[in-house]
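Have a look at the structure below, then the notes.
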Amino acid sequence: MRPDMPSPAVADQPLISIENLSVQFTRAGKQMRAVQDVSLHVAPGETLGLVGESGSGKTTIGRALLRLLPEANTQWQGSIRYQGTDLAGLSKTDMRRMRGRLQMIFQDPVSSFNPRRKIEDIVAEGLEIQGIERSERKLRMEAALRDVGFSLADVAGRRPHQFSGGQCQRIAIARALAVQPELIVCDEPVASLDVSVQAHIINLLQDIREARRLTMIFISHDLAVVKNVSDKVAVLYMGKVVEVGTGEQVYSRPAHPYTRTLLEAVPVVDASRKIKPAAERMVMPSRNRPPEGCAFRLRCPRAADRCAKEEPVLGVGPGGQSVACHFPHDEPAPNLVSESA
Amino acid sequence: MSSAPNSAILECRDMSCLISARPEPLRVLEHIDFSVARRTSLGIVGESGAGKSMLIKSIMGIAPKSVQVSGAISIDGQDLSGMKPKERAAFIGRKVGIVFQNPMTSLNPYVPVGRQVAEAARRHLGLSREAARNRAIELLSVVGIADAAECYGYYPHHFSGGMKQRIMIAAGLVCDPELLIADEATTALDVTVQKEVLDLLQTIQEERRMSLILVSHNLGVVAGRTDEVLVLYGGRVVEYGPTAEVFRNPRHRYTEALLSAMPQMDQPAHSRLRTIPGQPPSLAAKPDGCPFAPRCAVAADICRRVMPPMAVASDSRHRFACHLPLEAQAPMRSPDPIVAQGGVGHAS
Amino acid sequence: MRPVDAHSNPASSTSLADIARAAMPATARLRFPGAGMFDMLAIAFLALLVLVALFVDIIPGLVSPKFPYGDFSQLPDLTLNGLFGTDEIGRSILSRVLYGARASLSIVLVATCLSVSVGILLGMLAGYYRGPLERMVDLYANTMSALPSILVVLAFVTATGTSVLAIMLILGILDIGTYARVAKAGVISQNNRDYVLAARAMGASDARIMIREILPNLVPALTAVMPTLMAGLIITEGSLSFLGYGIPAPAPSWGGMIAASTDLLSRFPVLIVGPTGAIVLTVYALNTVGDYLAQRLNSRERGN
Amino acid sequence: AAEEQPVRGGEITIVNGSDIKSWDPAINGGTFPGGPMDMLDAVYGFIVYVDVDGKVQGGMAESLKSDDAKVWTLKLRPNVKFTDGNPYDAEAVKFNWDRVADPATLSPAQAFVASWNKGIKIIDPLTLEITLPSPDRNFGSSLAQLAPFIASPAALKAAEKKTDIKPVGAGPFLFDSWNQGVSMTMKRNPNYWDQPRPYLDTLKFVVIPETNSRISTVVQGGATMMAGYPYQFGSNATAEGVTTHEIKIPGLYRAYFNQASGVFTDRRAREAFYEAIQRTRLMKAYTQVDGYVMPTNYFTASSPYYDATYKLPEYNPEGAQKLFNALAKDGKKFDIKIVTYSNSDLKRLGSYLQQALGAYENVSVKLELVDQAMLTPTCKTQGNFDLCIDGGVLVSNGAEPIISNLLGSKGSDNWGKYSSPEMDKALAAANATMDPKAVKAAYAEVQKLVVQDLPLYIFGSETRHLLIRNNTGGIVPSNGGILQKQFLFVCKSACTTK
Amino acid sequence: MTNLMPYARAISGRLLAGIPVFVLVTFGATALSSLAPGSAAQLILGDNATPEQIAQLNSAYGYDLPLWERYLKWLANLLRGDLGETLFSQQPVLQVVFDRAAVTFEIAFLAMLVSLISIPLAMFAASHPGGMVDRILRSVSSILLAVPTFVIVVLLSYIFAIVLRWLPATGWANLSQNPLANLRYVALPVLCLSLHQTAYLYRVARNEMVASLQEDFVQVARARGLPLGYIMFRHVLRPSMPQILTVMGLSLTYMLAGSFVVESYFAVPGIGWTVLTAVKSHDIPLVQAILSLTVVIFVVIFMLVDIGYAIIDPRVSVS
Ligand SMILES: Nc1ncnc2c1ncn2[C@@H]1O[C@H](COP(=O)(O)OP(=O)(O)OP(=O)(O)O)[C@@H](O)[C@H]1O
Ligand SMILES: Nc1ncnc2c1ncn2[C@@H]1O[C@H](COP(=O)(O)OP(=O)(O)OP(=O)(O)O)[C@@H](O)[C@H]1O
Ligand SMILES: [Mg+2]
Ligand SMILES: [Mg+2]
C-alpha cells in the first residue's frame, strides 16, 4: 500500500474533479474551442464513460486531466483537482511524481508502443522514471503482466510488432498498471480491435478495476461498450456536456435529444425486424462557427425559438441525471433496449 | 432489361484468391460460393483480414496483379472469365456500382465531385457532356445533396465525410447498376452519420429495385438491413443464409461466439462478456482444417485436419461449414418476413 | 490494401538475384527483405567498395598510386595493375581508382557523420520545441537549398583552401539542413504518436523522450535519405576535384582523374574509363540502395 | 602555296584562352599570340615591332634608329590620327611614355621606361630623340615588348580610373563591343594609315578557356585561329579545313628555383634537381608526345650565340641521390614546394615531378596548384615557393630583353631572385656593344654562368603554332608571334599551305 | 470560383520567407569574400603594385570597412538599384548580370522543356508498373542519375563535337542576333543540362504516379470500368503534379544558377560561368549580385510553384 492513498474519511469525495474546463486549440491562426466549460467528478473506484461523436472533445478532456495536451497551440482554463490538489499548479517534478497515480491507455495499441523498443523496457519505463529500484521494478512488472495474463518470460526480449493488437493492448494495460496508478484514462481502448478480441480487453479492464479498486475514465464512441463498463456516463456534444448521469439513468431514460439520437443510431445485433430507413437528413453545424443558443438545435426535432436564443445549462433531468436541454425527454428510452430478447 | 431475368445478379462459384509469395502462396480466399438474387441484399461480415475487401476486389477485377483469382464469377448471367479485361471492366462498370470504405480517400480531391459522378455515365452510357451532367445532378439530389446543381462543381474537401459517402453512392448509381456494393461504406463514419448512410443505401436499394451487397465487420450493421448474410472467417465462408435466421439461430461456432462476444445494450453494467480465445488466423500460418478450430472451444481432431464442407440446414438456404455445429433451434414461424419484403426469392 | 511495388516483386527477379542472394551470408539475407537483384548487387558493390577502401594498402600486388607503374597513357592489359591501363604520367589507374575510393568514401563518410549528427540534433530540437529554433533551422535549410551546392562549396573552398579536412567540413555543412528537415519532420509526426504521449504520461522528461523514444525511430527515415545524399556528396566532391579544388595532388581522386583525362580524351580515351566507371557505379549503387530503403520504409509505413 | 591577292571584307575570329582586364596601354603584358597584347594591338598598333628574325621594324612609327645604341631617333608617320581625331604625334607618344614611367600607373614597364623617359626630346611633331643613360643595343626590341602602345592622350586623360580607359588608338581596328570574358568585336578603322589595309571588315576575339574546346571550335569553323603547341593539336592539326602555321620563334619551357630562401639557395640542390629528373620524360609527361630535343643551355642550337661547351647537367640518378643525401646531412633536407597553376598540362608536369622525385630518398615534395591569375602574385611577389613553373614557353627572338629579365638580378622575370654580379656584368657587356663578336663572347660568358649557377630549370624548348582555317591569308607574325592584324584577309578558297 | 486569395498568400508568404534567406546569403557572400586569400586589388593593380597602393585601392572600394558596414552599404546601394560596376570591365553589374542571366534563362528554359518529355514517359511506365518499358526506363534513368554532370559534359562534347563533329564544341551566338546559330550552340549545353533533370523528373513523376495509382480513388475509378488512359489523365496526373512541380522548380533553380560545369565547359556566357570566374577573380560586387539573383530566382520560382499548387490543388484555397 502506498502511504499517500486516500484515507477512508475522504473516500467519498471525488477522486478527481474537473471544474469549468475549457480548451482551445489554435490552428492556422484560428482558435477552435474543443472543450467548453466542462465540469465532471469521478468518485474513487468509479468508472466514468465519456461518449460523443467524433470531435466532440472526448480525447481532449482525457488528455487535459493528465496534462498531456500539446503545449504549443493549446490554451486551457478551469481547474482539475486530484484529491484536492490542483494539477495545473504543479511543477514539472511534482507532476512527474503525480504521474505514478494517473495513467492512460490509448486507442491504437500498436502505435502506443515505440516499435524500436523491447517490451520489457516499455513496461519498465514508468517504473524507471518514477525511480523505482531495479529489484522492485521486476516484481512490479511481473505482477502487472500477470494481471493481464502474461508472464515476464512471455514478453522478454520481444518487440511490439511480434504481438497482435489485442496482446499489445494487454501489454499497454500492464504498462499502466505497473506504476500502480489510482486513475486510468482509457481512450477508446477497444475501438481498433476485432470484435472477438475486444471482449477480452473489456473483461480484463473490469477485472482489474475491481481487483485494484481503480478509478477509470472510459472514452468510447461505442455506446454498448460504454454501457457495459461505466457507472456514470457523460454525453458530450461539440465540446460540452449535454447529459451526465448514472448509466442506468442515461440509457434507460435519456433526456437529451442528442443522447437519443446517439442511442437510436447504434447498430444492434438484432435481425428480428427489418430496420425502417429514416427519410429525413440531419444538418451538421460547423465546429468553427457553432450556432447561437443550443449547439444541437439544428439537428434537434424538438428545437424551438428558445433554443436559438438561450443556451441551455445543465439542470436536473427527469431521471435524476443532469441534462442541458430546454425540453428534455421524460419518457423511457425508445424500443432500443429490447425487452423482447 | 437484363438477359436472364430470373438468374442471380451475381454468382460466385468456387472462387479462390492466391497471393504469390514464398515459400508458398498465401490463400486469401478459398472456395467462396454465393449468389445474390435480384433486388435482394446480402451482408458480408467478417473480422479484419477475413478477406472481405479481397472478395469484392476480385469480383470487380481490381485485385492487385499479384493476386490470382480462380473460379467462376458471373454477373447478370454472364460469365466474366470469358471476357477480355477491357470488355469486362466496361461490363462490370455498367452493371455494378461500388462504394468504398473511406470516403476521405475514395474521391479524387483534384476533380470536381460532379464530374466524378458523371464520368462513368459518359463512358459507359455514351451520354453527352450535358446529359451526363444533368444525370449527375439528378443523382446528387437523389442521395440528398441540397443544391445539387451548385455542388456539381465543388471539390471533395467542401463536403463532410457523410456527404462524401453520399456522393460516392451517387457515383455508384450513375449507370443505373443492377448491383450496388458497399465495402465498409460506413466504418469510417460516426454512428449517427453511419445510420443515415445505411438508411440511404437501404432506401435506394428498395426504390431502384437493385441488389445490394453490404460489407462490414460489424454484425450490427447488416442485421436488420440485409436479406441474407455471409460470414467470412480466415478466407472461408463459414456461414451463409437468411439474415434473420443466421442471427437468431447461428449454427457455426464462430458466428455464435462472435454474436455473444459483442456487448449488448440490454446487458447490465459490468456484466462479463463471452470471449473467444486466441487470434484470428494469419495468412501465413493458416490451419489446414477449419480456420476457427484453434479458437474453438469444442474443436475436435477432425476440425484441425479437415476443412468442414458446407452443410445445409433444414431450411435449405441456411448453410454453414462446421463439423460440430450448434443445435438448430425451432424453425422460425412462417411467413419469413424478410422474404416477404425482399420480393423475389431464390430459385433453388 | 497493401500495394506491391513492381520492383520489389519477387516474381520479377531472375536467377541472378538468387545468385546475389546466395552470395550473402544467411544473416545478411534476412535483413534485406524484398530486395531485388539490383538492390542486392548494389549492396554487394558498396560492401566491396568499403572493404577495398579499408584494406586497399594490403591488396597483394597492388602498386602505389603515387609512383609510376608503366609508360604514360598505356592501354589496359590483363595484369592486376594494368587492368585499367596507366594514367598520363604512368601510374596504375586501377590503383588510383581504388585509393581514390578510399579518399572519396572517407571524405563523404566524415562529412555525412558531421551533417547527420548536427542535423539530427538541430532537427530534433526544432521539431520538439518548434518556435524560433524551428524557424532558424528552416531558414538554414531553405538557404542551403536556394543555393547550388557547388557554389557554396566553391565559395568556401576559395576561402579555406583545399585541404582534406576543409573539404570534409564544407561538404558536411551542405546536407545539415536536409537531415535536420528529415529529423524535424520525423519528430513532428512522432510527437502526435501515442507512444510519445505514453512516455509523457509516464513522466518522461523531454530529453528522455527525444533520446529514448524519438531518436531510434528517426533512424529508418534518415538511413533512407542517407545513401542518396551521400551519392550527391560523391558527385559534389567529384565536381570539386574536377574543377581543381578537390583533394590536393598527388592523392588520387576520381574527379581529379577525370579532369586530368579530359584534355587527353581525343588521344587517349581509355584514361577516362576507370575513374568514370568508379564514380558512376558508386553513385548508382548508392542511389539504388537509397531507393530500396525508401521503398522499404514506404511499404512499412503503409503496412502499419 | 597559291599566292592569293588580298581582298577587302570578311571577318576573322581569333580564339584565346583568356580575356584582357583593361584597355590601359601601359598595363597589359604578354607578347605572345593569345596574350593581352594580341588584343590591344588591334586597337593601338605596335609602335615598333620585332619581326620573326629578331629585327626591330617600324610599326605605327616609321622607324627607330641609333648609331651608338645610346641616342635613338623615333620617326613617326605623317598624318596618323587616333580615332578620336587627335594626331598620333610626338606629344602623344611622350605623354604615353611619361605616364608609363609614373609609378602611380603601376605599369610593369615602369622601371624600364623611367630609366630613359627623362631623355626624351621632341625634335618636331614627327620626331623624337631618346637619349639612354647607357648604351642599349636592344632598346628597340625592349620597347616593342614593354611599352609599344600609344593611346590617345585625350582618352587617357578623360578616364578617372584606369579601368575607365576607353580604347582609342590609331591601330587597324576600332573597338566595337566587348562582352568581358566572352568575346570582343572590332570594326575596320577606315582611317588607318596603311590603306588599303586592313582588309577585314570585322575582327573578333572569343574567349574559351578550355584548350580542347578551343581546338575543336577552330576545327569546326566556329573560329578562324588559335595559338598553341603541336602536342595540343594532335590529329586535329590534319583535320579538314584547317592547317597549322609554325611561328618560327624559339621559346623555352622553364621553372624558377627560389634562390632567396629554401633549399634551392644551395647550388647542390639545383644540380640535384637537374640530375634527378629525366627531362625528355618530363616533357613527355607534360605534352604526352615523344621526341623533344632538350636544350643544353639558354641558347638553343639554332641561335647564333649558341655555345656547345657549356651544358646543363644531364640525368644522373645516382649523382642526384648522393647530392640529396649530402644535403640532408647538412641539415638542408630536400623539402620543396612546387607551385604552378592548375591547368591540366601543368598539373601533369607537377605531378610527374612529384612522382619522379618521390622515388628518391631524403626528398619530399609538395605540389601546390593555384589559379592562373594567382601564379605571379604567389611566386614573383610573395616568393612563396621553392620551384615555380610558369606555363607555356617564354618567347625569345634574339636574346634581349628576355634574357636580362630572366637572369639579371633586377630582371622583371627573375622570379627566383637569382643574383650574380658576374651575370649582370656579362649581360651588360652584351648590351653595350654593337660588335657581334663582343656580343657572342659576352653571351658565352652568360652560358658559362648559367651552367655554373643553374639559376633556372630549363626543361624544353618549342615553337608556337597557329591552328588556322585554311582560307586565312596574310599571316604576318610580329612580336613573339602576334599576328599583324592589318594584313589578315579571308581567301575565297583554301590558300594556306598544309 | 476565382478566388485570388491563395495566390496572394502564396506570393506574400514566399516573399516574406525569402527575405531572411536573401540576407543570409548576401551577407555570407560579403563575409566569405573577406576571408578569401589574395585580393581583388592585387588582381586589378597587377604585379607591380606595392602594398600601399593595394591598401589604397581597398579603401577606395571600401574593402577595409568592417564587415557589417560594408554589407549595409551594399544593401543601401541595392535599394537604390545600384550594384556598382564589375571590378575589371567596369560595366554596371546589373547589366552584366542581366545579360548573362538571359543566356542562362534560355538554356535553362530549353532544358526544362526537353526534360518535360519525362512526364509522358512516366505516365506510360507508371500505368504498366513492372513492365518492359518501366524497367528499361528505370535502368536508364538510374544510370543517367548516376553520371555526374561533369562527366556527361565531357562525354557528350567528346562524342558530338569532337568525334562526330555535329555540334559546335563551344561558343555562343545571341538568340536575337542569330537564332539559327544560337540553336546550334545551345544544343549541347541544353542536352547536358537536361539529361540529369529528365531522369530525375522521370523518377519523381513515375513514383508519384505509381503512388497515386494506389490511391483509393483510382481503385474506385478502375472499379467503375474507366479505361486506364482516362484514369491516368484525369485522376493520376493532377494529383502527381504538386510533387512534379516542386521538382521542376528545384531543377529550374539548379539549372539557372548551378550550371557552372556546363557553362564553363561550353564557354557559354551565362550566370554559372560568370560566377565561377567572378569567384576566382574576387569580383565581389559581381558575386554578390549573382548570389542575390540566385536567391531571388529561387524565391520567384517557388512562388510560381506555390501559385501552381494553388491552381492545381483545389484544397489549397481552404487550408
Ligand atoms: N492538437 C490539436 N491541435 C488542434 N486541434 C485539435 C488538437 N487535438 C484535437 N483537436 C481538435 O479538437 C476537437 C476535439 O478533438 P478530440 O480529439 O478531443 O475529439 P474526440 O471526441 O476524441 O474525437 P474522436 O472520436 O474522433 O477521437 C476536434 O475538432 C479536433 O480536431
Ligand atoms: N496485396 C496484398 N498482398 C499481400 N497480402 C494481402 C494483399 N491484400 C490483402 N492481403 C491480405 O489478404 C487478407 C485479406 O485482406 P482484405 O483486405 O480482403 O481483408 P478485409 O476482410 O477487407 O479486412 P478489413 O476489415 O481490415 O478491411 C489480409 O490478411 C491481408 O493482409
Ligand atoms: Mg478521440
Ligand atoms: Mg477491407
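Just so it is clear: chains get the letters A, B, ... in the order the sequence lines come, proteins before strands, and each one is counted from 1. This is a predicted model, so every value here is computed, not measured.
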Pick one: which of B/L230, B/V45, B/V215 meets side chain to side chain contact (heavy atoms under 4.5 Å, CB included) with B/K52? B/V215

When you measure from the centre of the six-membered ring of B/F292, is the NZ or CZ of B/R253 under 6.0 Å away and within 45° of the axis? no

Under a 4.5 Å heavy-atom cut-off, does chain A meet the side chain of B/Q279, its backbone, both or neither? side chain

Counting only heavy atoms closer than 4.5 Å, note whether A/S196 contacts chain B via side chain, backbone, both or neither. both

Of the backbone (N, CA, C, O) and the side chain (C-beta and beyond), which part of B/Q194 lies under 4.5 Å from a heavy atom of chain A, both, or neither? side chain

Could you tell me if A/R299 sits above the aromatic ring of A/Y258, with its cationic atom closer than 6.0 Å to the ring centre and no more than 45 degrees from the axis? no

Closest-packed option against chain B by number of heavy-atom pairs under 4.5 Å, given A/T47, A/D207, A/V197: A/D207

Short question: side chain of A/S230, backbone of A/K227 - any donor-acceptor pair under 3.5 Å? no

Ionic contact status for A/E243 with A/R260, cut-off 4.0 Å: no

Angle between ring planes, B/Y154 versus B/F159, binned at 30° and 60°: parallel, tilted or perpendicular? tilted

Hey, are B/E256 and B/R274 close enough for a salt bridge, meaning a charged N less than 4.0 Å from a carboxylate O? yes

Please state whether the side chain, the backbone, both or neither of B/S41 comes within less than 4.5 Å of a heavy atom of chain A. side chain

Honestly, the part of A/V195 sitting under 4.5 Å from a heavy atom of chain B is both

Below 4.5 Å, heavy-atom pairs only: which of A/R209, A/E248, A/Q167, A/Q198 has the largest tally toward chain B? A/R209

If I measure from the heavy atoms of chain B, does A/I275 come under 4.5 Å with its side chain, its backbone, both, or neither? both

If one checks every heavy atom of A/D222 against chain B at 4.5 Å, the contacting part turns out to be neither

Under 4.5 Å from a heavy atom of chain A, the part of B/L259 involved: side chain

If we define contacts as heavy-atom pairs under 4.5 Å, which of B/R295, B/M262, B/H217 has the most with chain A? B/R295

With a 4.0 Å cut-off on N to O distance, would you call B/D199 and B/R225 a salt bridge? yes

As an exercise: rank B/A257, B/S271, B/G49 by heavy-atom pairs under 4.5 Å with chain A and give me the winner. B/S271

